[in-house]
*Asks:* 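Just dropping this structure here.
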2 protein chains.
Amino acid sequence: MDSIYELARRAGVAPSTVSKALRDDPRISVATRARVQALASEAGFTVNAAAQSLTTRRTLTIGVIVSDYADPYNGLLMRGIEAAAMAAGYQLLVSSAHETGVREVDIARTFRQRRVDGIIIVASHVSESHEHLDPRIPVVLVAEKPALVPDRPLVSCLIVEDEAGARTMTQHLLTLGHRQIGYVAIGRASLASDARRAGYEDALRQAGIEPDPRLVVVPNRRDMAGVGAEGVQLLLPQRPTAIFFYNDLAAIGGLRAVIDRGLRVPEQISIAGFDDLEISQLVTPPLTTMAQPRLDMGRMAAERLLAMIGGDDDRTPMTAVCTLMVRRSTAPPPD
Amino acid sequence: MDSIYELARRAGVAPSTVSKALRDDPRISVATRARVQALASEAGFTVNAAAQSLTTRRTLTIGVIVSDYADPYNGLLMRGIEAAAMAAGYQLLVSSAHETGVREVDIARTFRQRRVDGIIIVASHVSESHEHLDPRIPVVLVAEKPALVPDRPLVSCLIVEDEAGARTMTQHLLTLGHRQIGYVAIGRASLASDARRAGYEDALRQAGIEPDPRLVVVPNRRDMAGVGAEGVQLLLPQRPTAIFFYNDLAAIGGLRAVIDRGLRVPEQISIAGFDDLEISQLVTPPLTTMAQPRLDMGRMAAERLLAMIGGDDDRTPMTAVCTLMVRRSTAPPPD
DNA sequence: GTGAAAGCGCTAACAT
DNA sequence: ATGTTAGCGCTTTCAC
C-alpha cells in the first residue's frame, strides 16, 4: 500500500477521486471523502510528497540558511520562522553555513535541486550566498544591510536598526556620566559591527565628544567570547569607564575577563551588549543590552517570504526595532 | 530549461544519456559526460530532486525532531548531525516539537509524507513521538532512556550516562566536604532527571549518608532558569551547602537567585550543573558541571542512522560518556 | 557508448 | 459526483 491506486482499488473508486478526497476537495461527496480518508488513515497511507510536487510544482518547503546552530542568537529566530511556516503548511529544510565559505554554493545548489519554494537567510556573514541562488525563487535576508541586498525582484530583507540601537546605548552610557567609552568591534568584515560603531561615534559627537580611535578595538579571535576577552585586554590600558560590545556573547566574554582582572562591574566599569540573548539577564551582573525582537523577526521574515511565494512582490525592507534593556551591568562611572 | 529532455536536445543526446552523464556514470564516455555537465552548469540546470526520488525511492533527506531551537543544548548536537549527514549527501528537514504535544503526530505525518530516509529525535521529552512513526524507516533517539526505546528493528538510541554522571558530580561535592547537598529536579516527567537523582542518591548512600527527601525539590516553573530560581527558593530553608541542578540552564538560573539573595558562590554555597553549555564557563563564577560530548553525539547519531539506512541493523545502544568539569562554582563548604 | 520505452505516484483537465 | 487520460521529470531495464 504505497500508492493512491491501491487505495482507489480498495475503496472501489478512481485514483483521481482518492486524490481529491484526500485533499478534501468539495467536488467529492462527503460520504466518499470520509470513506477514503478513513481507509487511508487505517492503512497508514500518506501521499508521496515527491510525486505530489512533481505535478503541482510546489514543494511546500522553505530553505533556511542559518549561520550556526550553536549561536544562541538564532534560536528564537528559527522558532519564529517555523511558527509562520508551519501555520502555512510549509516545512523547513535547514542548512548551516557554519564557517566554511565554500559550502554556501553547495547549499544554494541543493536548494535549487530540491526546488524549495523560497529561502530565508538568517543572520549571515554569509551575505554573498544569495548570489548563487536561483533568481526565480524568493529570498528573504534577515538582519542584512540594505547596501548588500540586490534590488531585484523576489529579494527582500529585514533590517536591524544597528546604528540607532548603538546610538541609544551610547547615549545611555553618556547619560550615566561616562566619557571614556570603549567599543569592541568584531574582526571579520561585518556591516553590523560597522553600523553599531557608527551609532556609537555619532552619539559621542552629539554629546560634544570627539571619538577616540584608541577606544575602538577589533580583536582577532574568532569565537565571540574570545572577542570579548581580547577586547577587554586591548581596551583596559586606555582606562575606559564603560565598554560597549558588538554583541551579548562578546559582552559576556568581556564581563568574564573584566571580573577575572579583579574589577567590579558596574562599580568600576560598566559593560553593555547588543541582542538580548536569553542568557543575558542571567549572568552576573545581568547585562544591559539592546533587545531585538527575534521571535517576531523570524515570523516577519517567513510571512514576507510566504507572501512573495504567493506572488506578492512587496520588497520594502522590514525593520526590527531595538529596545534598550537597562540592567545591572551599567551604572555611573567611579569618581 | 527545466528538464533533462531539453538538455538532451541541446546536447544532441538521449535523455537517459544526460541522466547518466550528470551522475558521472562510467558507462558514458568521458567526452559526452564533460559536454553534458558543461552545458548543464552553463544553463544553471539541476536535476529535480522530486522526480529523482520518485524513481530512486530515496529522498536523501533526514528528518530531525528537535525539542526547541532556542535550547542551547541542541546547537552542537545539530551541528554534529549536519556534519555527518552532509558528508553523506543528506539534507536535514527540521521540525521542533517545542511545547505543543499534539504537534508530534503532525511532524511524524509530514516526515512520512515526505518519505524521509530516516529520523533523528533529539533530546526529547517527546519520547512518545516515535510511536507515530513509520516502523519501516530507521530512527535514532538521542539522549533517550533505553526503557523508553522499543526494542524493534530500525530503532536505535544514544544514551547519556545520566546516573553515572550525577554520581560523579555528587562524589565531587562529597569530596569537597559537603554533607547537605540539595538536588533540583524538573517537574515534567523526565527520566533524565530521575536518573540524575538516582545517581545523586546513590553517591550519598555510598558515602554513608541517607538521602534526605527534603533536599530534593521539584519546581513547577516551565522555563529552566525559573526552575533553578524556584529550586533555590524551595531548598534554601533546608540550609544546603551545595546544590546540584538537573542541568546547566537551571543551575545558571539558580546561581542568579542565590547571588540575588546575597549569598556568595562558592564561599557560602556551591552550585553544580549538568551539560556543560558553552555559556557555562562564562558565568560568574564559572560553573562546575558534567560535560556531554554533544558534537560527537550528533555525529554518532547521524552515522548510526546512515548505517541503518544503508541496511545495517546494529541496534546496540550508543553511549555518551560525561566528563566532570570542575570550575569555580564549587568549593569546600563554610565551616 | 548510447538510445527507447516504461514507470515511479501523483494531479489536472476534461469527460461523463 | 466520479472516472479517464495525459503528463510532471527523472531513472532503469533492455536493446542496439
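Chain letters run A, B, ... following the sequence lines, proteins first and then strands; every chain starts at 1.
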*Asks:* Chain B on DNA chain D: first and last contacting nucleotide, 5' to 3', under 4.0 Å to a heavy atom?
*Replies:* D/dG9 to D/dT12
*Asks:* Side chains of A/Arg115 and A/Thr61: any donor to acceptor distance under 3.5 Å?
*Replies:* no
*Asks:* Hydrogens and angles aside, do A/Arg304 and A/Ser156 bring a side-chain donor and acceptor to less than 3.5 Å of each other?
*Replies:* yes
*Asks:* Between A/Arg23 and A/Asp25 (salt bridge meaning N to carboxylate O under 4.0 Å), is one present in this structure?
*Replies:* no
*Asks:* How would you label the contact of B/Ser16 with the nucleic acid (heavy atoms, under 4.0 Å): base, sugar-phosphate, or nothing?
*Replies:* base
*Asks:* Between A/Glu82 and A/Arg299, is there a salt bridge with N-O shorter than 4.0 Å?
*Replies:* no
*Asks:* Go through the structure and list residues passing side-chain hydrogen bond (donor to acceptor under 3.5 Å, both in side chains) with A/Arg57, not counting sequence neighbours.
*Replies:* none
*Asks:* For a quick test of your reading: what N or O donor-acceptor pairs under 3.5 Å do the side chains of residues 305-314 of chain B make, sequence neighbours left out?
*Replies:*
unit_1	atom_1	unit_2	atom_2	d
B/Asp312	OD1	B/Asp314	N	3.2
B/Asp313	OD1	B/Leu154	N	3.3
B/Asp314	OD1	B/Thr316	N	3.0
B/Asp314	OD1	B/Thr316	OG1	2.8

*Asks:* By the 4.0 Å heavy-atom rule, please label B/Ser19 as base, sugar-phosphate, or nothing.
*Replies:* base
*Asks:* Provide the start and end nucleotides, 5' to 3', of the part of DNA chain C that has atoms under 4.0 Å from heavy atoms of chain B.
*Replies:* C/dG1 to C/dG9
*Asks:* Is the shortest side-chain N to carboxylate O distance from A/Glu42 to A/Arg10 below 4.0 Å?
*Replies:* no
*Asks:* Go through residues 23-32 of chain A and report each residue with a non-hydrogen atom lying under 4.0 Å from DNA chain D, sorted by number.
*Replies:* A/Arg27, A/Ile28, A/Ser29, A/Thr32
*Asks:* Strictly below 4.0 Å, N to O, side chains only: are A/Asp117 and A/Arg58 in salt-bridge contact?
*Replies:* no
*Asks:* Any chance the side chains of B/Ser29 and B/Thr32 put a donor and an acceptor closer than 3.5 Å?
*Replies:* yes
*Asks:* Could you work out, with salt bridge (Lys or Arg N to Asp or Glu O under 4.0 Å) as the rule, every residue matching B/Asp68, not counting sequence neighbours?
*Replies:* A/Arg79
